[in-house]
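Worksheet: one structure, shown below.
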Amino acid sequence: MKQWTLFEFSAGSEIAALTAKQLKRLKQIVWICLLAVISGSVASGPLSSAVLLTSAVGLACILILLQRRKIRFAIGALLWLLTLMICSLISINSGIFDLMLLGYPLVLAYAAMYSGRRFYLLLFGFILLFCSFLALASLYNWLSFSPAVATLNTFITLNLLLLVSGVTMRLIARDTKDVLLQLKQENERVVKSQLEIQRLAQHDPLTGLVNRTQCELGFQRAVAASAQQSVALLFIDLDNFKPINDALGHQAGDEVLQQLAAMLQSQLSEQDVLSRFGGDEFVVIISQWKDPAELEQRIQNLLQSCQQEFVVQQHKVQLSASIGVTRTPQDGTDFHLLCKKADTAMYQAKKMGRNRFCWYHSDMEQQQLDKFNLMMRLRVAVKQQLFTVAYQPTYDLKTNQISGAEALLRWSDAELGVVPPDVFIPLAEETGLIQELGLFVLQKACAQVKLWQESGFLLGIAVNISAMQFKQGDLPAVVTQVLADTGLEAHWLELELTESVLIDDTALVKQQIDQLSALGVRFAIDDFGTGYSNLGYLSQFSLNSLKIDRSFVARIGHNAKDLALVNGIIQLATSLGLHTVAEGVEDTQSLVLLQQAGCSCAQGYLWSKAVSQEEFGSLLAP
């Protein structure tokens, strides 16, 4: 156990390190005591002068200790020095009747300020015992003291004691006031910080709008106050907000949100609640409206507010929004459930073309649930490769022989049954599963056509490629690896693209098409004439074939305009050196018209639907 010395025991742990101001004040007190001691020694007798001068030397040493920041030792030394000095002066003069007895309260005041609790009790006990001993010694004549007589020395001693007490107490009192003032200011800062923390806990720091928790409380208050009135909950999501952040930076996006929040707030009454849910999503609670027509008008006003032009960083920005609307009590009374339903209605508004609002109805929720279930089943199917590849033959219209095949993905789920490609393919693109599906089809199709070629049937294979596969940027490497794994020569593979692929990130798409074309891979435009029909890409990209959409082919025998369109497409392709493939040929009349127009190839139910690899093998057999 650590042994405490008499001096080290003097300072508590809270006095171990004084601030610069406290240290300065302590030095001032030592200087005052030193000057008072020196002054008192001038008018005192020989013994008293000796005690005082000795104490002055001790005080000077204490100043040196404080200068060297030996604070704990210096405090202990100061308090014991002053105590023993007073005890000595009392003992050699008038005992308990000596004026120096008034110095004890001053020493105890110093001890209370600068020492720990234990040392204060020790010092106080020592003084009490010493004074009690002197009193008993005087009472029983154990010791004799000089009588207390008013002299010049008494006058000087009294005034020095009062001077030291008055000055030091004034300094201590001023420090105490400063501490109290600092505590008051700190308390005000704490209160202000707590209020700010509370505000931040209840509001969005960017826009100053209430957050989700406060929005829910506002909704509950509105429902309680409007027991006989319906309350509307609106879920607002900005359309195409991400390009603002990408082009101008997130700071610009934040400024747009701040301006929009102020604009929306100006359209609402004091009873309404506007909350930012996060990102570019807002929720509005409207409780004061008479009929659906008035509510609809107020929603239209909010839509128009979102369409206002905002100036950010010297750029003019114009937005739009999609809004989903739910109402109590017909859509429910639970806040979270209504938010979910309003969010569902908002996505329906986006599907309907954006920049509009949509009322929630129960069918939407079932659609969302069906989509979710389909997505979960799709993930399982991709993981376990529960898909098959069907092959639809393509016939050469000059020889009426199979010249190739188109690989088509098929999915038959144990729970859902047969799921059409136009249902699960878009979902696969949305969820990012199209990469795995595309690779699966490509591997299966290339491997199968290689087997047919080894059996003596020289034909090519066409595989549909999604725009998402192009956006990945690694399609040339994927195709090259598949061709290497299957041993299929590149010119037997034809990749079918939709027109939308060619206008989306043109530089990246062209780069990949050029790389694959250099290998010998062929490219065809699928469903030509139904997309953007930008003829410029026919010369810009390395293409080999145009596939005429079935919607034109099906009517050429009955509609002169459709026949003219098909003839025009075939003539355009021929002039550009491109092959043409007619889709959806189902009758002989259409076949004859296509042959007369000079179409290269065709496919359709006239010959065969898409079949399994075994059934396709039967079609190849003579």
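Quick note: numbers below take in every heavy atom, side chains included, and nothing from hydrogens, waters or symmetry partners. Numbers for residues simply follow the sequence, beginning at 1.
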Check your understanding: Stepwise, does the side-chain contact (heavy atoms from CB on, under 4.5 Å) test hold for Phe357 with Leu234?
Key -> CA-CA 9 Å; Phe357 75 92; Leu234 283 59; over 6 Å; no

Review point. Where does the angle between the aromatic ring planes of Tyr395 and Trp607 fall among parallel (under 30°), tilted (30 to 60°) and perpendicular (over 60°)?
Key: parallel

Revision key, fill the gap. d(Cys306 SG, Asp280 CG) to nearest 0.5 Å is 10.5 Å

Point to revise | Worked check of ring pair (Phe, Tyr, Trp, His ring centres under 6.0 Å) between Phe424 and Phe387 | key: CA-CA 11 Å; Phe424 71 82; Phe387 295 89; 5.8 Å; yes

**Study point:** Partner of Asp514 by side-chain hydrogen bond (donor to acceptor under 3.5 Å, both in side chains), out of Lys510, Gln512, Gln511
**Key:** Lys510

Check your understanding: Hey, are Gln307 and Asn355 close enough side-chain-wise for a donor-acceptor pair under 3.5 Å?
Key -> yes

Check your understanding: Does the side chain of Gln453 come within less than 4.5 Å of Glu489's, by heavy atoms?
Key -> no

**Study point:** Test item: Ile548 and Ile570 side chains (from C-beta on) under 4.5 Å apart, heavy atoms
**Key:** yes

Check your understanding: In Å, rounded to the nearest 0.5 Å, how long is the span from CD of Gln304 to CE of Met263?
Key -> 11.5 Å

Review point. Taking Ile285 as the fixed residue, which of Leu274, Val210, Leu233 is the one that meets the side-chain contact (heavy atoms from CB on, under 4.5 Å) rule?
Key: Leu233

Review point. Regarding Ser322 and Asp237, is there a side-chain donor-to-acceptor distance under 3.5 Å anywhere?
Key: no

Review point. Does the side chain of Ser612 come under 3.5 Å of the side chain of Glu615 through a donor N or O and an acceptor N or O?
Key: yes

Exercise for review: Give a yes-or-no answer on whether the side chains of Gln258 and Asp254 include a donor-acceptor pair shorter than 3.5 Å.
Suggested key: no

Review point. Do Glu583 and Asp549 touch side chain to side chain, with heavy atoms closer than 4.5 Å?
Key: yes

Check your understanding: Do Leu458 and Trp492 have side chains that get closer than 4.5 Å, going by heavy atoms?
Key -> yes

Exercise for review: Taking atom types as modelled, find out whether Asn464 and Glu406 have a side-chain donor-acceptor pair closer than 3.5 angstrom.
Suggested key: yes

Check your understanding: Have Gln613 and Lys444 got a donor and an acceptor in their side chains that come within less than 3.5 Å?
Key -> no

Check your understanding: Does Lys371 come within less than 4.0 Å of Glu430, counting only side-chain N to carboxylate O?
Key -> yes

Check your understanding: Would you say Gln251 has more than 12 foreign heavy atoms packed within less than 6.0 Å of its CD?
Key -> no

Point to revise | Neighbour count above 12 (heavy atom, 6.0 Å) for His579 NE2 | key: no

Exercise for review: Run the salt-bridge test on Asp413 and Arg377 with the 4.0 Å N-O cut-off and return the result as yes or no.
Suggested key: yes

Check your understanding: Among Asp526, Leu495, Val479, which one satisfies side-chain contact (heavy atoms from CB on, under 4.5 Å) with Ile465?
Key -> Leu495

